[in-house]
There are 2 protein chains.
Amino acid sequence: MPDAADPAPMNAPSRRKFRREGEERRRQDLIDATLDSVAEHGLEGATVRTIALRAGVTAGLIRHYFPGKEDLLQEAYAALMGRMTEQAKAALLMEDASPRQRLAAFVTANLNAPIIDQRVFSLWATFIGRAGADPTLARAHREGYLGFRNEVEAVVAEVLAAERRKPDASELRHHAIAINAIIDGLWIEGCLAGEMFSPGELAAIGIKAIEAELGLAPEKQFQEK
Amino acid sequence: MPDAADPAPMNAPSRRKFRREGEERRRQDLIDATLDSVAEHGLEGATVRTIALRAGVTAGLIRHYFPGKEDLLQEAYAALMGRMTEQAKAALLMEDASPRQRLAAFVTANLNAPIIDQRVFSLWATFIGRAGADPTLARAHREGYLGFRNEVEAVVAEVLAAERRKPDASELRHHAIAINAIIDGLWIEGCLAGEMFSPGELAAIGIKAIEAELGLAPEKQFQEK
DNA sequence: AGGCTATTTATACACTTGCACAACAACGCC
DNA sequence: GGCGTTGTTGTGCAAGTGTATAAATAGCCT
């Protein structure tokens with residue numbers, strides 16, 4: 001069998017073969033390659049050459065799609081945040097479920113794969129570490145955080161309303177902050193030391209902690225089936 | 001008035017003046033300069049020249065105290081973790097105080113300055129972002145985390161014992177995980193959006209959430225004076 | 001005071017980085 | 001099928017990187 005994997009052009013100028021991809025496709029590939037590079041080697045290791053190699057193109061092409069490396073990183077971070085919040089909020093969209101069930105589903109979704117994931121955490125930490133120096137990143141985070149917290153606050157209000165309780169705004173805000181902290185904290189623990197917890201354990205801990213925070217009597221109905 | 005700040009050697013080879021510092025002092029200065037550089041410009045911006053400039057020396061000196069740049073970063077991270085856990089645990093050392101008071105003091109200490117600090121958070125995030133790729137960092141974090149959680153678990157055990165409750169090991173572990181998450185989550189919120197919270201608000205939220213988690217009746221005794 | 005030695009500076013070097021630019025070739029269109 | 005457009009490659013370059021090493025000098029010891 002002749003060597004199929006390597007055409008071995010003996011003396012030709014041997015320029016690399018390539019395919020023209022759609023613009024959106026290439027941009028996505030480059031962004032994905034950027035996130036992979038950052039996750040694996042950090043921001044310092046995410047060079048245009050590394051990224052291009054991973055995307056299967058040469059370095060020069062990056063400048064054809066992005067004004068500069070900084071812009072690529074910016075868009076990569078935006079894409080990451082978009083995917084995270086999108087997945088997180090998706091769990092809240094359950095129709096015909098009690099507020100309490102939806103809250104439990106939300107917590108469960110946030111404390112299991114694919115949200116609990118070391119790679120995503122590495123990316124989050126790497127980017128957020130520069131929020132102190134980069135106002136653009138700081139505001140991007142702030143907006144994502146407030147959006148997330150508002151979602152939590154809305155569900156909490158529904159849950160308490162279903163229990164015939166009428167919390168004032170301050171009380172509601174405090175609950176949302178605390179619940180947000182519980183989810184974030186457990187998320188970090190799970191990402192950094194996932195194998196220390198049995199499957200579903202973090203979600204169970206989170207739900208119990210949140211029920212305690214809200215003063216809900218633990219009900220059995222969520223355990224059967 | 002003759003120019004006092006600049007001796008202005010007219011034609012001398014003009015080699016830079018310097019002072020010999022003690023070894024430990026120099027190492028500490030270099031480590032501090034490293035942390036400052038990382039906090040401000042990230043790992044990518046922490047070059048030997050930047051660090052040396054900030055420490056008031058020239059780049060070559062770094063190699064006189066550290067085998068390589070990587071070692072300097074390693075020691076800087078170790079120093080950071082050491083200071084953080086040291087400060088955190090210090091609040092637990094109150095003698096003649098009820099377990100519950102000590103727990104409250106611990107939470108309060110962790111949710112106020114200087115633990116709540118954007119610079120410290122940037123450093124933590126920047127380094128921890130590489131924990132996925134760097135096993136050394138990962139283990140360093142794991143040990144620090146477990147040490148912290150064990151402290152929490154010990155206080156929780158004392159608090160519950162004072163309430164005449166006898167939790168089993170699993171229950172204790174879950175409480176520690178949840179409380180750890182509450183503290184971590186609120187710590188992040190405070191570091192990233194400190195000005196959104198009034199002074200002491202995060203600590204109050206944390207204490208209330210933890211008391212709920214432990215099933216402690218909110219007592220008034222901690223509010224007066 | 002004067003020398004010794006280790007600390008510190010300064011320079012050099014090989015290598016990498018982001019970016020610029022010209023040559024090239026894949027693909028749509030006539 | 002030939003041709004033009006432009007996505008893509010390859011090369012080059014100046015600036016910056018970590019490290020090696022020689023030269024200089026600050027401060028201690030006698």
Side-chain angles (χ1 to χ4, degrees), chain A residues 7 9 11-34 36-38 40-77 126 130 134, chain B residues 6-7 9 11-34 37-38 40-77 126 130 134:
Chain A
N11 51 0
S14 99
R15 200 181 174 89
R16 174 177 177 169
K17 292 279 192 279
F18 62 92
R19 283 201 325 148
R20 300 171 101 127
E21 295 284 355
E23 163 163 357
E24 217 41 54
R25 169 70 184 274
R26 270 278 190 260
R27 293 179 65 89
Q28 268 309 315
D29 284 350
L30 286 173
I31 286 178
D32 288 340
T34 302
D36 283 342
S37 298
V38 172
E40 201 161 320
H41 306 105
L43 275 175
E44 36 169 357
T47 72
V48 288
R49 285 170 178 82
T50 302
I51 295 170
L53 178 66
R54 202 181 277 266
V57 297
T58 51
L61 190 61
I62 289 183
R63 289 264 326 181
H64 192 260
Y65 285 100
F66 301 91
K69 184 197 173 189
E70 215 56 39
D71 303 80
L72 172 56
L73 284 174
Q74 196 97 331
E75 290 207 28
Y77 178 65
T126 302
R130 297 217 327 186
D134 189 334
Chain B
D6 186 358
N11 51 1
S14 100
R15 199 182 173 88
R16 174 177 177 167
K17 292 280 193 279
F18 62 92
R19 281 200 328 147
R20 300 171 101 128
E21 296 283 356
E23 163 164 358
E24 217 41 53
R25 169 67 184 275
R26 269 278 189 261
R27 292 178 67 88
Q28 266 310 315
D29 284 351
L30 286 174
I31 286 178
D32 288 339
T34 302
S37 298
V38 172
E40 201 160 320
H41 305 105
L43 275 175
E44 37 169 356
T47 71
V48 289
R49 286 168 179 83
T50 301
I51 294 170
L53 178 67
R54 202 182 275 265
V57 297
T58 51
L61 191 60
I62 289 183
R63 292 274 328 220
H64 191 261
Y65 285 100
F66 300 92
K69 184 198 174 190
E70 215 56 38
D71 303 80
L72 173 55
L73 284 174
Q74 196 98 332
E75 289 207 29
Y77 178 65
T126 302
R130 298 217 325 186
D134 188 337

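Just so it is clear, the values below take in all heavy atoms, side chains as well, and ignore hydrogens, waters and symmetry mates. Chain identifiers are assigned alphabetically (A, B, ...) following the order of the sequence lines, protein sequences preceding nucleic acid strands; residue numbering begins at 1 within each chain. Only a predicted model underlies this, so the values are computations on that prediction, with no experimental measurement involved.
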Trainee: Using whole Å, report how far CZ of B:R63 lies from P of D:dA22.
Mentor: 14 Å
Trainee: Considering only residues two or more places apart or on different chains, which pairs with a residue in residues 41-52 of chain A satisfy side chain to side chain donor-acceptor pair (under 3.5 Å)?
Mentor: A:E44-B:R130, A:T47-A:T50
Trainee: To the nearest angstrom, how far is A:I62 atom CD1 from C:dA20 atom P?
Mentor: 13 Å
Trainee: Find the distance A:K69:NZ to C:dT16:P and express it as a whole number of Å.
Mentor: 15 Å
Trainee: Hey, is the main chain of B:I62 close enough, under 3.5 Å, to the side chain of B:K69 for a donor-acceptor pair?
Mentor: no
Trainee: Find which nucleotide of DNA chain C each of A:G60 and A:E44 is nearest to by heavy atoms, and output the residue with the more 5' nucleotide.
Mentor: A:E44
Trainee: Using heavy-atom distances to pick each residue's nearest nucleotide on DNA chain D, tell me which of B:V48 and B:R16 is more 5'.
Mentor: B:V48
Trainee: Taking only nitrogen or oxygen atoms into account, show me every contact under 3.5 Å that the protein makes with nucleotides 12-16 of chain D, one pair per line with its distance.
Mentor:
none

Trainee: Starting at atom CZ of B:F66, determine the distance to atom P of D:dT19, rounded to an integer number of angstrom.
Mentor: 13 Å
Trainee: Please name all residues satisfying salt bridge (Lys or Arg N to Asp or Glu O under 4.0 Å) with B:R63, sequence neighbours left out, ordered by chain then number.
Mentor: none
Trainee: Just jot down the salt bridge (Lys or Arg N to Asp or Glu O under 4.0 Å) partners of B:R54, sequence neighbours excluded, or say none.
Mentor: B:E40
Trainee: Rounded to the nearest 0.5 Å, what separates atom CZ in B:R27 from atom CG in B:D32?
Mentor: 12.5 Å
Trainee: Does A:R19 have any salt bridge (Lys or Arg N to Asp or Glu O under 4.0 Å) partners at least two apart in sequence or in another chain, and if so, which?
Mentor: A:E21
Trainee: Let me know the distance between CG of A:L53 and P of C:dT16, rounded to the nearest Å.
Mentor: 14 Å
Trainee: Without decimals, in angstroms, what is the distance between B:L72 CG and D:dG18 C1'?
Mentor: 12 Å
Trainee: Rounding to an integer number of Å, can you tell me how far B:D71 CG sits from D:dG18 C1'?
Mentor: 13 Å
Trainee: Go along nucleotides 3-8 of chain D 5' to 3' and tag each nucleotide: B for a protein heavy atom under 4.0 Å from its base, S when only backbone or sugar atoms are that close, - otherwise.
Mentor: ---BBB
Trainee: Once you round it to whole Å, what is the distance between C1' of D:dT19 and CD of B:E70?
Mentor: 14 Å
Trainee: Does the side-chain contact (heavy atoms from CB on, under 4.5 Å) test come out yes or no for B:L73 and B:L43, once each step is laid out?
Mentor: CA-CA 9 Å; B:L73 284 174; B:L43 275 175; 3.9 Å; yes
